[in-house]
Structures are given as structure tokens and as C-alpha cells.
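Note sheet for the following structure.
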Amino acid sequence: MDYLKIKGKSALNGTIKISGAKNASLPLIAMTILAKNSVVIKNLPSVADIKTLLKLLSNLGAECQFLDDGVIVDTSSMHETKATYDIVKTMRASILVLGPILARFGHCEVSLPGGCAIGQRPIDLHLKALEQMGANIQIKAGYIEATAPNGLNGCEIIFDKITVTGTANIVMAAALAKGETTIINAAREPEVVQLCEVLHASGVAIEGIGTAVLKIIGTDRSLLEIPEFSIIPDRIEAGTYLCAGAISRSQLTITNTEPNHLGAVIAKLEEMGFELDIEEKSITIHPTETIKPVKIVTQEYPAFPTDMQAQFMALATQAEGVSIIEERLFENRFMHVSELQRMGADISLNGHTATINGKNTLSGTDVMATDLRASSALVLAALIAEGETNVHRIYHLDRGYDSLEKKLQNVGVTVERLKEGL
Ligand code: UD1
């Protein structure tokens with residue numbers, strides 16, 4: 001197992017190029033199951049979750065050919081329809097194959113994902129919506145067994161909660177269903193928008209893209225001709241590096257980004273006193289003398305993303321005063337708090353709300369990554385800690401951050417990847 005050794009107190013300076021979005025890539029790779037052609041995907045991030053999903057598709061009989069910055073996926077020879085536990089347990093987003101496999105083959109088995117570090121994360125809304133579309137769903141021996149021998153039928157689906165992968169799953173199922181599907185209370189995340197746009201470019205009629213009501217006219221199991229596309233930039237990676245500039249009081253530029261997707265994050269950085277130069281595809285953050293405290297509530301897009309909550313908590317430890325962060329999406333997404341406290345942060349928790357009493361002097365020590373975004377908060381804290389911080393269990397970081405240590409080294413951070421026990 002690898003860990004990162006990070007030397008604190010180095011000033012950052014330079015430019016970081018943002019990679020393609022992990023959370024856009026995952027549904028778009030699953031979408032290739034709906035294609036009759038080989039699909040070329042560009043600007044794919046090199047992260048473990050993407051490799052896991054491509055391995056799952058390969059296990060099902062698809063062929064994946066890697067390019068310099070992407071992949072060609074050919075699912076024409078796909079024949080298996082069972083996503084087994086060994087893969088699903090490593091990545092919950094494997095559930096994204098359920099809708100497309102069921103829509104194409106009329107049957108599918110996916111292992112139930114099980115628990116998760118940040119909360120229960122049920123998938124009941126995915127299953128309920130597929131049942132409404134005519135699927136028969138049974139849970140047997142830890143597997144979801146879904147059948148729809150005559151295909152899925154369009155219908156009206158009202159999501160009780162906004163679900164990102166749930167919306168993506170049903171959009172993909174609806175693309176091959178018979179007739180019109182209306183999804184009410186759909187997710188509006190840019191990653192869902194790109195999925196809809198690519199399906200639209202592949203000939204699927206979709207109305208309401210980017211709104212809470214999507215109308216999709218299915219092709220009645222006729223496979224799609226999907227044109228080449230390039231993954232949108234990762235807004236969470238971008239936000240994380242903006243926080244790296246902010247916390248280390250450095251001038252840092254991020255390029256290959258989409259500032260329009262970062263509205264809530266930019267607004268909070270400005271509220272905290274940072275000045276940002278925003279261009280069409282780049283953002284430069286400037287250091288500020290005094291960081292102001294902040295109030296954050298995580299919500300669905302376009303509000304403040306839960307995937308940036310941990311990073312802002314690390315940043316809030318450097319604010320002069322009391323910051324309040326309320327987590328509304330996941331019940332257990334404060335695992336980074338105890339590790340930040342071990343580094344010297346003054347944070348108290350009350351239910352879903354964290355109170356950060358800044359400003360704190362942080363000290364380097366051994367800390368443990370617990371989930372993807374919690375890990376990046378520890379890396380941010382390490383940038384300004386006195387001495388060295390060893391961040392263990394970085395397989396969490398590798399799931400979603402492309403070339404993290406290389407990108408940090410390029411802007412002046414002393415960081416190395418080492419093997420445990422050596
Ligand atoms: C996606 C993102 C993840 C992000 C999250 C919220 C991917 C691969 N992952 O996760 O990074 O943190 O959105 O922005 O895109 N829920 C149910 N029943 C369901 C589905 C969801 O109750 O069937 C609840 C969840 O427990 C959670 C909320 O709905 O409280 C939102 O979850 P959801 O949007 O589905 O998250 P993911 O799609 O898993």
C-alpha cells in the first residue's frame with residue numbers, strides 16, 4: 001500500500017492543468033453499452049475508478065483500447081450481463097451499468113454495493129424507477145436481478161430525492177425504452193448534462209437538458225451510433241486545487257477548467273476574501289492576508305457540492321473566526337474531522353453540522369485517508385502544517401485524483417509517494 005509524505009509550509013506557484021471529470025466519465029463509459037459502434041472517449045482522467053469500470057466492461061465481453069488521453073470502447077461483442085461482487089464492492093458507481101444492460105439485453109444482475117464510508121447510500125430510487133418502466137426486480141443472494149424480456153417502457157418517474165447516478169441510470173435506460181420517459185426532480189449536475197448531450201448527439205430526443213424535468217424518447221431497443229466526445233473538466237479537482245492555492249496563500253492558476261461549473265465554490269472563496277481572475281478556461285487565485293470565516297450548506301447542483309465540503313473544512317481552519325459547515329447529503333461525511341483534529345484543528349461536531357474555530361496552527365503527523373474527498377482535505381492541511389505529514393491509505397485519493405503528487409510537485413510542493421513498511 002502507498003502513502004504520501006508531504007512537507008508543509010512550501011509556497012505554491014504555477015499552473016495546474018485540470019483532468020477530465022471522473023463523475024462524468026463513469027456514466028459516459030456505461031453509456032457505451034447502448035452503442036452499436038466503437039465509441040471514442042477523449043480527455044479521460046487516469047484514475048482508479050475509471051480503470052475499474054473499464055475492467056467491469058471487459059469482464060462483460062467489451063473490448064477497450066487505451067489511447068494517450070482516452071479510450072475506445074467496443075461493446076458489440078458484449079454477452080455477459082452480470083456485474084459481480086468483486087468489482088462492485090470496490091466502486092459503488094458500478095450500479096451505472098444496471099440501466100443500460102437491462103435496456104439492451106432485457107436482463108441484468110448487479111451485486112448490491114453494500115455499505116460505504118460516507119453513509120448508507122441506498123439505490124432504492126434507481127430500482128423503483130426501473131420497476132415503473134416495467135422491469136421485474138428481485139434481490140437474491142446479494143444481487144439485484146432485473147428482467148424486462150420485452151424491453152422497458154417509457155413512463156413518468158418522480159424522484160423523491162435528487163440522485164445523480166440514479167438520474168444517469170434512468171436516462172440511459174430510457175434512451176433504449178419504448179416511448180417517452182419523463183423524469184421529474186432530475187439531477188442537474190454538469191456530469192448528467194453531458195450524458196444527456198452525448199445521447200442527444202447520438203440521435204436520442206431529449207428535452208429539458210440541465211433542468212429538473214427531462215423528457216426522453218426511447219429508440220425501442222435500437223442501438224445508438226455514438227459520436228466521439230471529450231469528457232468535461234473535473235470541477236471537484238479544480239475546486240480542490242483552488243483550495244490548495246487558498247490555504248497555502250499562493251498564487252495558483254488552474255487551466256483546462258470550466259468556471260461556469262464552479263459558481264458556488266468560487267462564491268465561497270470570494271466570501272472568504274480571495275480574489276480570483278476568471279477567464280474562459282482558467283482561474284487564477286491570489287493570496288489574501290486575512291481569510292474570513294464562512295457558512296456552507298452542501299446541496300445538489302448548482303448549490304455548494306458535498307464533494308468540496310472536506311476541502312473547505314481544511315481551509316476554514318485558517319480563517320480568522322468561526323465557520324459553520326452543514327452536510328445535507330450524506331449522513332457520515334465528517335470522517336476527516338478526527339484526522340484534522342489530530343493535526344491541531346479546533347472543530348466540533350453536532351449532528352450534521354461542523355463548527356470550525358479558526359485560526360489553528362496545524363502540525364504534521366500520520367493521518368489516515370477514509371474516503372476520496374476526505375483524503376484531499378488531509379493533503380490540503382498537510383500543505384500548511386509544521387513539519388511532515390504522512391497521508392496513509394491513499395488508494396482513496398487514487399480513485400479520483402489524476403497524477404495528484406506530480407501536479408503538486410510541479411507547483412513546488414515537496415511530496416513523495418512511498419510504500420508502507422519500507
Ligand atoms: C454522486 C457522485 C458523488 C457525489 C454525490 C452527491 C458519482 C459517481 N458520484 O453520487 O461524488 O458526492 O453524487 O453529489 O457521480 N439516495 C437515496 N436513494 C437512492 C439514491 C440516492 O436515498 O436510490 C440518497 C443518497 O443516500 C444521498 C442522496 O440521495 O443522500 C444523493 O445521492 P446521489 O446523488 O445518488 O449520489 P451518487 O449518485 O451515489
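No experiment lies behind these values; they were computed from the predicted model shown. Here, residue 1 is the first one in the sequence, and each next residue gets the next number. Counting convention: from 1, in listed order, for ligands and their atoms alike.
- The side-chain hydrogen bond (donor to acceptor under 3.5 Å, both in side chains) test with Y401 is passed by exactly one of S375, S46, S19, S376: S376.
- Taking 4.0 Å as the cut-off, P122 counts as a neighbour of ligand 1 on heavy-atom distance.
- Within the structure, the closest approach of I162 to ligand 1 falls below 4.0 Å when heavy atoms are considered.
- For the pair R417 and D398, the salt-bridge criterion is met [side-chain N within less than 4.0 Å of a carboxylate O].
- No side-chain heavy atom of E271 sits less than 4.5 Å from a side-chain heavy atom of K295.
- When non-hydrogen atoms are compared, ligand 1 lies under 4.0 Å from the side chain of T306 (C-beta onward) but not from its backbone.
- For atom 27 (C) of ligand 1, the choice among L329, L53, I123 with the nearest heavy atom turns out to be L329.
- Comment: K42 engages E228 in a salt bridge, judged by a side-chain N to carboxylate O separation of less than 4.0 angstrom.
- Between K22 and ligand 1, no pair of N/O atoms sits closer than 3.5 Å.
- In R333, the part holding a heavy atom less than 4.0 Å from any atom of ligand 1 is the side chain.
- Heavy atoms of M308 stay at 4.0 angstrom or farther from ligand 1.
- Of the N or O atoms in V164, one or more lie within a sub-3.5 Å distance of an N or O in ligand 1.
- One finds a salt bridge joining R235 and E191 here, because a Lys/Arg side-chain nitrogen approaches an Asp/Glu carboxylate oxygen to under 4.0 Å.
- Of all the heavy atoms of F330, the ones lying under 4.0 Å from any atom of ligand 1 belong exclusively to the side chain.
- Some N or O of L125 is nearer than 3.5 Å to an N or O of ligand 1, by distance alone.
- With sequence neighbours excluded, the residues that form a side chain to side chain contact (heavy atoms under 4.5 Å, CB included) with T90 are T52.
- Residue-level proximity to ligand 1 for D307 is carried by the side chain, the only part with a heavy atom below 4.0 angstrom.
- For F312 and F304, the ring centers are positioned less than 6.0 Å apart.
- Using a non-hydrogen distance threshold of 4.0 Å, H126 registers as a contact of ligand 1.
- Every residue was checked against the ring pair (Phe, Tyr, Trp, His ring centres under 6.0 Å) condition with F334, not counting sequence neighbours, and none meets it.
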